[in-house]
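Nothing fancy with the numbering, it's 1 onward along the sequence.
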Amino acid sequence: MKRIVILTCPKSEDVCTGAGCCRALNERKAAFDRYVGEEVELEAFMKCSGCGHLLENDKGLVEKVRRILAIHPDVVHLGICCCDDGRSKELCPEIEALADMFRSNGIEVVRGTHSEF
């Protein structure tokens with residue numbers, strides 16, 4: 001069974017319910033098609049702490065990361081909302097730092113949920 005965390009951006013909260021990510025996961029569509037025929041468990045639906053909040057200066061973010069590391073997920077999927085802007089497909093610095101932290105702890109990071117980028 002794959003244990004999955006979905007990481008999203010708080011800027012998307014005005015329009016995002018998380019339903020697109022959850023539906024794609026449940027239906028094994030888009031970036032979750034890699035799990036067709038496999039059991040998965042959604043362990044957490046995490047948001048970063050916003051622009052300018054890095055691990056060096058945000059105790060709350062450190063706590064979030066500590067909790068994710070404690071549950072030992074196999075994969076963290078990054079939502080399209082984690083891009084700096086929708087056109088360049090570049091991750092913002094905060095998300096990139098979180099992705100690096102997860103990778104350095106042996107957790108696979110996948111770009112995409114209900115849409116791939």
Close side-chain approach of F32 and V75, heavy atoms under 4.5 Å: no

Heavy-atom side-chain proximity of V76 to L78 below 4.5 angstrom: yes

Heavy-atom pair with the smallest gap, counting every atom of V62 and L55: CG2-O, 3.4 Å

Inter-residue atom distance R111.CZ - L91.CG, 0.5 Å rounding: 4.0 Å

Those residues that, when tested against E43, pass salt bridge (charged side-chain N to carboxylate O under 4.0 Å, His left out) (two or more places apart): R3

Residue of the set I95, T8, D58, V65 for which side chain to side chain contact (heavy atoms under 4.5 Å, CB included) holds with C48: I95

For N26, all residues meeting side-chain contact (heavy atoms from CB on, under 4.5 Å), sequence neighbours excluded: none

Any donor-acceptor pair under 3.5 Å from R23 side chain to H114 backbone: no

E108/K2 salt bridge by N-O under 4.0 Å criterion: no

Linked, directly or transitively: L54 and F102 (ILVMFWY side chains, under 4.5 Å): no

With sequence neighbours excluded, residues passing ring-ring contact (aromatic ring centres under 6.0 Å, His included) with Y35: H77

Closest heavy-atom pair and its distance - G18, F45: CA-CZ, 3.8 Å

Side-chain heavy-atom pair I68, L7 within 4.5 angstrom cut-off: no

Contact check, side chains of V109 and D100, non-hydrogen atoms, under 4.5 Å: no

Test item: E94 side-chain N/O and G52 main-chain N/O as donor-acceptor pair under 3.5 Å: yes

Basic-acidic side-chain contact under 4.0 Å: K59, E63: no

Closest contact, heavy atoms only, K64 versus S49: NZ-OG, 3.2 Å

Same apolar cluster (I L V M F W Y, side chains within < 4.5 Å links), M1/V40: no

Separation between SG of C82 and CD1 of I6, rounded to the nearest 0.5 Å: 10.5 Å

